[in-house]
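What follows is a short report on a single structure.
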Amino acid sequence: MNTRSSASIDATLRARSRRLMWRDTRHLLVAVMPGAAWILIFLVLPSLYLISVAFMTNGPYGQPSLPLSLESFRNLAGFGFLGWSPGNLYTLLRSLWQTALSLVLVVLVSYPIAYYITTCRKKWRPIMLLLVVVPSWTNQVIRAFGWMNLLAPGTPLSNAAEALGLIAPNLGLFPSNFAVTLGLVYNFLPFMVLPLYAAFEKLNHGLIEAARDLYASPVRAFFVAVLPQTLPGLLAGSVLVAIPAFGMYVIPELLGGGRAMMLGNLVATQFAAGSNWPLGAAGSMLMLLATFIGLFVLRRMGRKLGGGDEVVI
Amino acid sequence: MRKKSAFQRGLSAFWWLTLLFLYAPLVIVMLFSFNSSNSAARFTGFSLRWYERLLGNELIIDAIGHTLLLAVVSSVIAVILGTLIGYGMYRHRGRKLGWLIVLIYLPIVMPDIVFGISNMAFFVELNRLTGLLSPGLGTMIIAHVTFEIPFVALIVYSRFVGLDATLFDAAKDLYASPLQRAVHFIIPTLKPALLSAFFLSFTLSVDDFVISFFTAGPESATLPIYIWGAIRRGISPEINAIATLMIGAVALAAVLSLLFNRERRHL
Amino acid sequence: MSQAPHGTPETMNSDHPRRGEAGQENASAPRQASSISIFGLKKYFDGGVVALDGLDLDIREGEFFTLLGPSGCGKTTLLRMLAGLDTPDDGQISIGGMDVTDTPPHLRSVNTVFQSYALFPHLSVRDNIAFGLKMRGVNSAERQRRVSEIAEFIKLGALIDRRVDQLSGGQRQRIALARALVCEPDVLLLDEPLSALDAGLREQLQIELQRTQKRLGMTFVFVTHDQEEAMVMSDRIAVLNDGRIQQIGTPQEVYERPANSFVARFMGHDNLFEISARDGQRLTTSLGELNSDDVNEGSLALIRPETIELSAPGTPSPHAPINLNRVEGRITERFYRGSNVEYRLDCGTTELMAEVSNSGQRLFKVGDLVKVEIYPEDIVILKDAP
């Protein structure tokens with residue numbers, strides 16, 4: 001291939017690329033614009049509106065009004081007109097704690113499961129993955145309802161916990177913070193198993209055996225040979241679990257009772273009639289921030305994993 | 001060798017325990033939907049009385065209607081818009097489409113509650129200013145389309161990527177005009193992916209509670225919203241019966257989606 | 001063009017009339033029996049890389065024409081432009097006397113057999129073959145008739161009722177060929193259609209393809225990087241490199257009298273020796289002093305291995321011409337190929353490859369000292385690659 005950069009070639013190329021770029025761009029826009037505009041108008045625009053609400057003042061009837069202020073963020077930090085109260089701070093901390101705890105538990109369960117699936121025969125693997133995923137296809141409310149039935153006072157599980165002295169008599173395992181954690185783990189398990197499975201499937205099994213040979217202990221082998229190779233899957237899964245867990249609404253609402261509120265519930269309450277929209281919007285902004293961090297990490301991971309599709313579906 | 005097999009047996013036991021964990025809540029719901037008493041703790045005998053009660057409940061029949069209407073209409077719109085995006089992404093995959101990728105991932109990654117609340121606030125404000133789009137099935141359809149589009153786009157895109165790129169050349173070479181290419185090549189080739197995308201959208205729509213809850217109007221309760229309300233009012237065995245029907249419907253849709261996916265792999 | 005066997009790169013890429021003038025020239029003197037005419041075709045890739053550097057080419061009606069060259073030489077780009085799948089930056093293409101430079105692919109009477117075959121996965125074999133006819137609006141009865149006709153012609157037999165995903169590579173190739181031929185195009189383009197097949201099947205299909213072309217009398221433009229394939233099948237070959245035509249000629253011309261060192265090397269010749277001085281027919285080369293009958297200008301001497309004669313030292317050669325070239329060499333390697341045997345020789349200052357047909361004579365061993373005889377008419381003088 002000879003490369004030339006004479007003026008005539010440059011001119012030809014420029015003219016062509018201008019012509020093609022414009023035709024191309026028009027074509028791209030025609031195909032992509034209806035859907036992209038839909039997301040822009042019905043998700044990006046509302047999000048921007050919500051952000052702007054966070055900087056407004058709470059009106060007398062709970063609707064956002066001028067002047068612009070940072071009052072909502074003061075409210076979120078617990079400063080009300082009765083002085084400072086720790087309620088909101090507790091809610092925030094509880095959200096973080098529940099997210100972190102359920103994430104760790106999800107990882108602990110998912111690792112052996114994802115690994116076990118890759119060790120099974122090829123024809124069984126899709127079916128096993130399906131078995132893990134199918135429960136998440138049913139409605140969130142119904143799943144939470146199922147746990148309510150399982151954990152309510154007087155059920156075998158609650159009676160067993162009572163007999164072991166884990167809970168006070170007649171309280172049952174639900175409602176409680178424990179039930180919320182359980183619900184979160186239950187809800188997000190497939191989100192971690194799938195990317196981990198994808199990582200395990202690409203994993204070099206020879207390396208594990210070599211490591212088992214060299215280090216003998218399976219624990220060492222895991223940290224030396226397995227963990228580094230599955231790290232991208234682990235990170236992608238963590239984003240997919242942590243972001244929605246942090247903003248979870250249904251599970252704490254149904255399984256938690258009044259003392260297990262998370263950020264999502266705090267926000268939702270502010271939008272019920274007669275409450276505080278700017279405060280709710282400020283809380284939403286926190287979750288949006290988490291979303292963007294998550295998006296950024298996912299994009300990074302997607303590039304490293306070569307295409308983000310598998311991470312998502 | 002023996003040590004390894006103990007490790008394997010441990011893993012296998014853990015697998016079955018996890019399955020128990022995953023299915024216990026669903027099985028409980030389904031089991032108690034056939035309970036003859038209204039106890040949530042003890043199974044006293046088999047009966048279909050809760051299903052009979054469902055059929056007599058007009059609110060539930062309405063909710064089923066809303067759920068299906070919402071799912072079908074939103075899925076059709078999302079399949080059209082998402083397919084166009086997937087096609088655009090494929091045709092222009094050589095270009096920098098980062099902005100589009102971010103836009104597509106946004107509805108997937110954004111927490112439901114922020115999604116739902118931002119939509120609610122937006123629609124309420126829009127309605128106050130212009131009188132358009134009062135909360136109801138219309139706003140719900142809009143919101144559902146928004147979160148279904150990305151999944152459709154990704155399915156269609158990955159179908160295109162799996163295709164031999166010279167097929168597009170072959171269609172041109174064999175005298176197909178642009179319109180003929182769409183009708184005789186692109187759409188038939190995509191058909192399995194489109195059906196799969198439709199069923200996935202349908203499932204996502206039926207599955208959704210939070211976004212529906214915040215964009216719904218007083219007259220447009222879907223089944224999940226009805227169930228939510230029933231739970232908040234106090235547990236009734238009727239809910240078990242509706243929930244069982246929904247589990248069955250979603251499982252059916254899931255199986256259909258899988259079947260089309262499998263057919264897709266054959267091609 | 002065939003009268004001048006090695007058109008040099010200079011004449012091939014000489015200045016050509018602009019498109020407008022070319023049109024006038026066409027009007028006054030239509031190119032008879034010229035199926036495809038290409039003038040000054042240029043194509044640049046982004047970044048200024050030249051894909052085609054002002055290419056001129058005439059392909060005759062009913063000829064099996066091959067574009068031969070290494071990957072990246074521009075042969076596939078040229079083929080895609082003939083099909084209309086790519087547009088040139090400058091220059092003109094006419095097919096059957098009509099300017100088609102800006103005609104979109106679906107309006108050209110040209111069909112392509114793609115390297116990947118590109119059979120539509122959603123259609124049966126029968127519908128794949130009928131696709132082009134259907135798009136042209138041929139009615140169903142006529143379609144049926146022509147599909148059965150072509151199926152018989154290509155001897156598809158029971159394949160016609162198979163699903164596309166049940167076909168082997170060779171079968172796919174034949175379906176792709178049938179799908180293109182059934183449209184009865186003016187020109188059939190073939191983009192390395194045999195490269196994905198294994199050797200035995202490949203040779204069989206080479207013969208089949210060539211026979212098909214002769215029976216139909218259709219113009220075939222075939223793209224390949226395999227010089228043997230090109231020689232077996234083609235009426236004429238154009239050797240391309242760096243977006244320029246290096247030589248056009250019959251397989252024999254291109255193989256026996258390559259226009260330059262690129263063509264020689266690409267056709268598989270190793271025995272190229274630099275000419276350091278020349279006095280008429282007397283050449284001074286790295287192989288020593290040589291006599292050549294070739295009168296052409298050039299800086300390299302080519303000796304094809306199969307023209308070299310080897311004999312044991314001291315063997316008399318009674319009918320040797322007076323100016324026969326004689327060299328001594330020691331055999332360093334031997335490659336036994338069944339019908340012939342290749343030797344690598346150390347001739348002191350340089351190495352030489354010789355190929356002897358295996359007619360049952362005693363074979364030389366590695367280490368043997370041999371007498372090498374080269375006839376003056378077998379020394380071809382050629383230019384260095386531009």
Side-chain angles (χ1 to χ4, degrees), chain B residues 79 83 86-87 90-97 152 155-199 256-267, chain C residues 45-46 76 79-87 103-124 127-138 143 163-166 172 175-176 178-185 187-193 196:
Chain B
V79 164
T83 301
Y87 175 69
Y90 172 75
R91 269 293 300 276
H92 302 273
R93 61 195 179 285
R95 295 175 63 152
K96 287 203 162 87
L97 294 176
V152 177
I155 287 179
V156 168
Y157 174 73
S158 62
R159 168 68 178 148
F160 273 129
V161 167
L163 221 56
D164 176 5
T166 26
L167 286 173
F168 292 86
D169 288 340
K172 287 182 205 167
D173 189 65
L174 290 162
Y175 311 109
S177 66
L179 182 67
Q180 283 177 317
R181 291 203 285 276
V183 174
H184 293 284
F185 164 55
I186 295 176
I187 292 174
T189 311
L190 274 186
K191 206 169 97 190
L194 292 180
L195 284 170
S196 174
F198 178 83
F199 285 117
L256 283 175
S257 166
L258 262 173
L259 280 180
F260 286 114
N261 250 310
R262 179 157 301 171
E263 190 180 308
R264 198 169 97 191
R265 231 166 273 141
H266 272 300
L267 294 176
Chain C
F45 289 140
D46 295 327
T76 298
L79 198 78
R80 287 179 63 80
M81 285 182 192
L82 288 173
L85 298 169
D86 247 332
T87 42
T103 310
H106 62 279
L107 300 177
R108 294 187 187 198
S109 179
V110 171
N111 286 106
T112 310
V113 177
F114 293 92
Q115 189 170 10
S116 64
Y117 312 136
L119 300 180
F120 297 114
H122 68 286
L123 295 178
S124 67
D127 290 341
N128 257 288
I129 298 175
F131 191 88
L133 298 175
K134 192 174 175 183
M135 295 305 107
R136 280 183 148 183
V138 175
R143 279 206 307 266
R163 287 221 322 256
V164 166
D165 55 5
Q166 296 171 321
R172 280 164 189 262
I175 307 297
R179 183 176 70 174
L181 286 179
V182 78
C183 302
E184 296 172 9
V187 179
L188 184 75
L189 308 176
L190 303 105
D191 184 9
E192 309 216 22

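Naming convention: chains lettered A, B, ... in sequence-line order (proteins, then strands); numbering from 1 in each chain. Only heavy atoms go into these numbers, but all of them, side chains included; no hydrogens, no water, no symmetry mates.
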(request) Quick one: closest heavy-atom pair of B:T166 and C:S116, and the distance? (result) OG1-OG, 2.8 Å

(request) Among the options C:P104, C:C183, C:P185, pick out the one with the most heavy-atom pairs lying under 4.5 Å from chain B. (result) C:C183

(message) Heavy-atom pairs under 4.5 Å with chain B: which of C:L119, C:V113, C:V164, C:L189 has the most?
(response) C:L119

Below 4.5 Å, heavy atoms only, C-beta onward: do [X] and [Y] meet side chain to side chain?
{"X": "B:K172", "Y": "C:L85", "answer": "yes"}
{"X": "B:R181", "Y": "C:H106", "answer": "yes"}
{"X": "C:P121", "Y": "B:L167", "answer": "yes"}

(message) Quiz question: by atom type and distance under 3.5 Å, do the side chains of B:Y175 and C:N111 form a donor-acceptor pair?
(response) yes

(message) We want to know whether B:T189 and C:H122 form a side-chain donor-acceptor pair, criterion being a heavy-atom distance below 3.5 angstrom.
(response) yes

Counting only heavy atoms closer than 4.5 Å, note whether [X] contacts chain C via side chain, backbone, both or neither.
{"X": "B:F185", "result": "both"}
{"X": "B:D169", "result": "both"}
{"X": "B:A171", "result": "both"}

(request) Indicate yes or no: does B:D173 engage C:R108 in a salt bridge with an N to O separation below 4.0 Å. (result) no

(message) So for C:F114, is it side chain, backbone, both, or neither that comes closer than 4.5 Å to the heavy atoms of chain B?
(response) side chain

